[in-house]
Amino acid sequence: MVGMKPTDAAPTATIKFFGAGMAACFADLLTFPLDTAKVRLQIQGESQGVQGANAVKYRGVFGTITTMVRTEGPRSLYSGLVAGLQRQMSFASVRIGLYDSMKKFYTRGSENAGIVVRLMAGCTTGAMAVAFAQPTDVVKVRFQAQMRLADGERRYNGTMDAYRTIARDEGVRGLWRGCMPNITRNAIVNCAELVTYDIIKELILKYDLMTDNLPCHFTAAFGAGFCTTIVASPVDVVKTRFMNSGAGQYSSAIHCAITMLTKEGPTAFYKGFMPSFLRLGSWNIVMFVSYEQIKRAMTRAQQSWESPF
């Protein structure tokens with residue numbers, strides 16, 4: 001992104017592509033329990049409607065995590081991790097790794113990209129990524145929400161079983177459930193996340209508040225995570241509910257949103273806000289800091305390989 005030192009060689013598109021996937025997987029490994037807690041809080045009103053008074057009630061981020069560990073064991077916090085890592089390798093590589101390339105595409109090779117171009121690039125790569133990663137996202141959400149079933153029964157025995165079962169019982173379209181709200185969410189998230197990070201980092205460097213180092217990356221990533229959570233939370237809740245729903249429960253994502261609004265009120269769209277913020281904030285920090293370091297390390301390794309002497 002912006003702010004390369006004059007002595008630094010610019011990382012190639014390939015380095016950005018693979019570096020983004022690696023950094024996103026690392027961020028997922030560290031923050032996955034927060035994401036699982038977020039999903040459980042987001043579907044809680046829905047679960048109560050299905051199971052009535054006996055539904056498990058989660059209270060707050062750490063209350064949810066504590067309840068899950070006590071009732072289901074620590075491993076439940078990482079349910080769906082394999083699908084989550086598959087998602088990040090295919091998803092983050094496209095939406096983050098190709099962001100700079102898409103900016104250049106819209107500016108026809110120019111390095112000077114305005115806010116409109118950045119927003120267009122963020123929307124484009126966010127939507128493109130869904131085309132690659134939607135089935136992995138569906139499986140991840142289903143695993144994270146498995147507590148909905150009674151008597152400890154589980155929907156799926158493993159990641160590959162989940163792909164096969166969904167395709168068999170719901171058709172191939174089942175793997176693409178919630179595709180449109182996911183495209184909407186990820187276009188919004190990508191714009192808020194990447195454009196905010198890009199702009200904050202650029203301003204920090206422009207006014208010499210910090211150098212292009214870890215504190216700068218940390219500050220920009222924290223700001224990006226906060227802005228993204230506020231903007232994307234309503235769409236994220238609808239996406240989670242719709243992806244986790246059984247066949248015929250909702251006719252569309254719009255129907256899901258209307259049902260939430262009428263039965264649970266407008267605050268339902270911000271269920272799980274704190275874990276969303278903790279998740280996105282910490283995820284952004286780990287991902288962007290890792291991404292910047294991975295890009296530099298891979299670029300130096302490439303230079304050493306090409307010019308060993």
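- Val231 and Val189 fall into different hydrophobic clusters, where Ile, Leu, Val, Met, Phe, Trp and Tyr are joined by side-chain heavy atoms under 4.5 Å apart, directly or via other members.
- Taking a 4.5 Å side-chain heavy-atom cut-off between Ile, Leu, Val, Met, Phe, Trp and Tyr, the cluster of Ile254 extends to Ile258.
- Side chains of Ile199 and Arg118 form a contact here, defined as non-hydrogen atoms less than 4.5 Å apart.
- Contacts of Lys104 classified as salt bridge (Lys or Arg N to Asp or Glu O under 4.0 Å), with partners at least two apart in sequence or in another chain: Glu111.
- Legend: residues meeting side-chain hydrogen bond (donor to acceptor under 3.5 Å, both in side chains) with Tyr78, ordered by chain and number and at least two apart, are absent.
- Checking side-chain atoms of Tyr270 against main-chain N and O of Ile230 turns up a donor-acceptor pair under 3.5 Å.
- A distance-only check finds no donor-acceptor pair linking the side chain of Ser79 to the backbone of Ser76 [under 3.5 Å].
- Smallest separation of non-hydrogen atoms from Val286 and Ser290: O-OG, 2.6 Å.
- Under the 4.5 Å side-chain contact rule for hydrophobic residues, Val138 and Tyr163 share a cluster.
- No side-chain heavy atom of Asn284 sits less than 4.5 Å from a side-chain heavy atom of Tyr197.
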> Given Gln86 and Thr159, is the side chain to side chain contact (heavy atoms under 4.5 Å, CB included) satisfied, shown in steps?
Replying inline: CA-CA 10 Å; Gln86 291 173 348; Thr159 305; 3.9 Å; yes

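- Asn213 is linked by a side-chain hydrogen bond (donor to acceptor under 3.5 Å, both in side chains) to Thr211, counting only residues two or more places apart in sequence or in another chain.
- The two residues Ile200 and Ala220 come nearest to each other via the heavy atoms CG2-CA, 3.6 Å.
- Distance check, rounded to the nearest 0.5 Å: CZ of Arg40 to CD of Glu72 gives 4.0 Å.
- Across Val139 and Ala162, no two heavy atoms sit closer than the pair CG1-CB, 3.7 Å.
- Here the CE atom belonging to Met128 is positioned 5.5 Å from the CG atom belonging to Leu98, to the nearest 0.5 angstrom.
- There is no path of hydrophobic side-chain contacts, each under 4.5 Å, that joins Val141 to Ile188.
- From Arg296, atom CZ reaches atom CD of Glu292 across 6.0 Å, with rounding to the nearest 0.5 Å.
- With rounding to the nearest 0.5 angstrom, the CZ atom of Phe269 is 9.0 Å from the CZ atom of Arg241.
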> For Asp198 and Lys103, what are the C-alpha separation, side-chain angles and deciding distance, and is it a side chain to side chain contact (heavy atoms under 4.5 Å, CB included)?
Replying inline: CA-CA 12 Å; Asp198 221 7; Lys103 281 197 300 184; 2.8 Å; yes

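- Considering every non-hydrogen atom in both Phe62 and Thr66, the closest pair reads O-OG1, 2.7 Å.
- Among pairs with a residue in residues 75-94, those fulfilling salt bridge (Lys or Arg N to Asp or Glu O under 4.0 Å) read Arg87-Asp137, at least two apart in sequence or across chains.
- Residue pairs meeting the salt bridge (Lys or Arg N to Asp or Glu O under 4.0 Å) criterion with at least one partner in residues 219-231, sequence neighbours excluded, do not occur; the list is empty.
- No continuous path of ILVMFWY side-chain contacts below 4.5 Å connects Val39 to Phe273, so the two sit in separate hydrophobic clusters.
- Counting all heavy atoms, side chain and backbone alike, Gly122 lies closest to Cys191 at C-SG, 3.9 Å.
- Atoms OG and NZ, on Ser93 and Lys16 in that order, are 14.0 Å from each other to the nearest 0.5 Å.
- Met260 has its side chain out of reach of Lys271: every pair of non-hydrogen atoms, C-beta onward, lies at least 4.5 Å apart.
- Judged as a side-chain hydrogen bond (donor to acceptor under 3.5 Å, both in side chains), and not counting sequence neighbours, Thr184 has no contacts.
- Taking hydrophobic clusters as Ile, Leu, Val, Met, Phe, Trp and Tyr residues chained together by side-chain heavy-atom distances below 4.5 Å, Tyr99 shares a cluster with Tyr291.
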>> Could you walk me through whether His217 and Asp212 satisfy the side chain to side chain contact (heavy atoms under 4.5 Å, CB included) test, starting with their C-alpha distance in whole Å, then the side-chain angles of each, then the deciding distance to 0.1 Å, before giving a yes or no?
In response: CA-CA 7 Å; His217 305 156; Asp212 189 7; 2.7 Å; yes

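- Considering all non-hydrogen atoms of both residues, Arg95 and Leu194 come closest at O-CD1, 3.2 Å.
- Counting Ile, Leu, Val, Met, Phe, Trp and Tyr side chains that sit under 4.5 Å apart, directly or through other members, Val130 shares a hydrophobic cluster with Phe91, Met180, Ile183.
- Pairs of residues two or more places apart, or lying in two chains, that qualify as side chain to side chain donor-acceptor pair (under 3.5 Å) and include a residue from residues 119-134 are Tyr106-Thr124, Thr125-Asn190, Gln134-Asn182.
- With sequence neighbours left out, Phe226 forms a ring-ring contact (aromatic ring centres under 6.0 Å, His included) with Phe277.
- Put simply, CG on Leu261 and OG1 on Thr267 are 9.5 Å apart, with the number rounded to the nearest 0.5 Å.
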> Checking side chain to side chain contact (heavy atoms under 4.5 Å, CB included) for the pair Met68/Ile65: CA distance, chi angles, key distance, verdict?
Replying inline: CA-CA 5 Å; Met68 289 178 63; Ile65 291 174; 5.7 Å; no

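- In this pair, Phe222 and Phe218 present their aromatic rings parallel. The plane angle is below 30°, not in the 30 to 60° band.
- Residues Phe105 and Met102 form a side-chain contact, since some pair of their non-hydrogen atoms from C-beta on lies under 4.5 Å apart.
- A heavy-atom distance below 4.5 Å is not found between the side chains of Lys201 and Ile204.
- The stretch residues 223-232 participates, sequence neighbours left out, in no side chain to side chain donor-acceptor pair (under 3.5 Å) pair at all.
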Which donor-acceptor pairs under 3.5 Å do side chains of residues 17-36 form with protein atoms, sequence neighbours excluded?
{"residue": "Asp28", "atom": "OD1", "partner": "Gln88", "partner atom": "NE2", "Å": "3.3"}
{"residue": "Asp28", "atom": "OD1", "partner": "Arg279", "partner atom": "NH1", "Å": "3.3"}
{"residue": "Asp28", "atom": "OD1", "partner": "Arg279", "partner atom": "NH2", "Å": "2.9"}
{"residue": "Asp28", "atom": "OD1", "partner": "Trp283", "partner atom": "NE1", "Å": "3.1"}
{"residue": "Thr31", "atom": "OG1", "partner": "Ala27", "partner atom": "O", "Å": "2.8"}
{"residue": "Thr31", "atom": "OG1", "partner": "Arg279", "partner atom": "NH1", "Å": "2.5"}
{"residue": "Asp35", "atom": "OD1", "partner": "Lys38", "partner atom": "NZ", "Å": "3.0"}
{"residue": "Asp35", "atom": "OD2", "partner": "Lys140", "partner atom": "NZ", "Å": "2.7"}
{"residue": "Asp35", "atom": "OD2", "partner": "Gln144", "partner atom": "NE2", "Å": "3.1"}
{"residue": "Thr36", "atom": "OG1", "partner": "Phe32", "partner atom": "O", "Å": "3.2"}
{"residue": "Thr36", "atom": "OG1", "partner": "Leu77", "partner atom": "O", "Å": "2.9"}
{"residue": "Thr36", "atom": "OG1", "partner": "Gln144", "partner atom": "NE2", "Å": "3.3"}

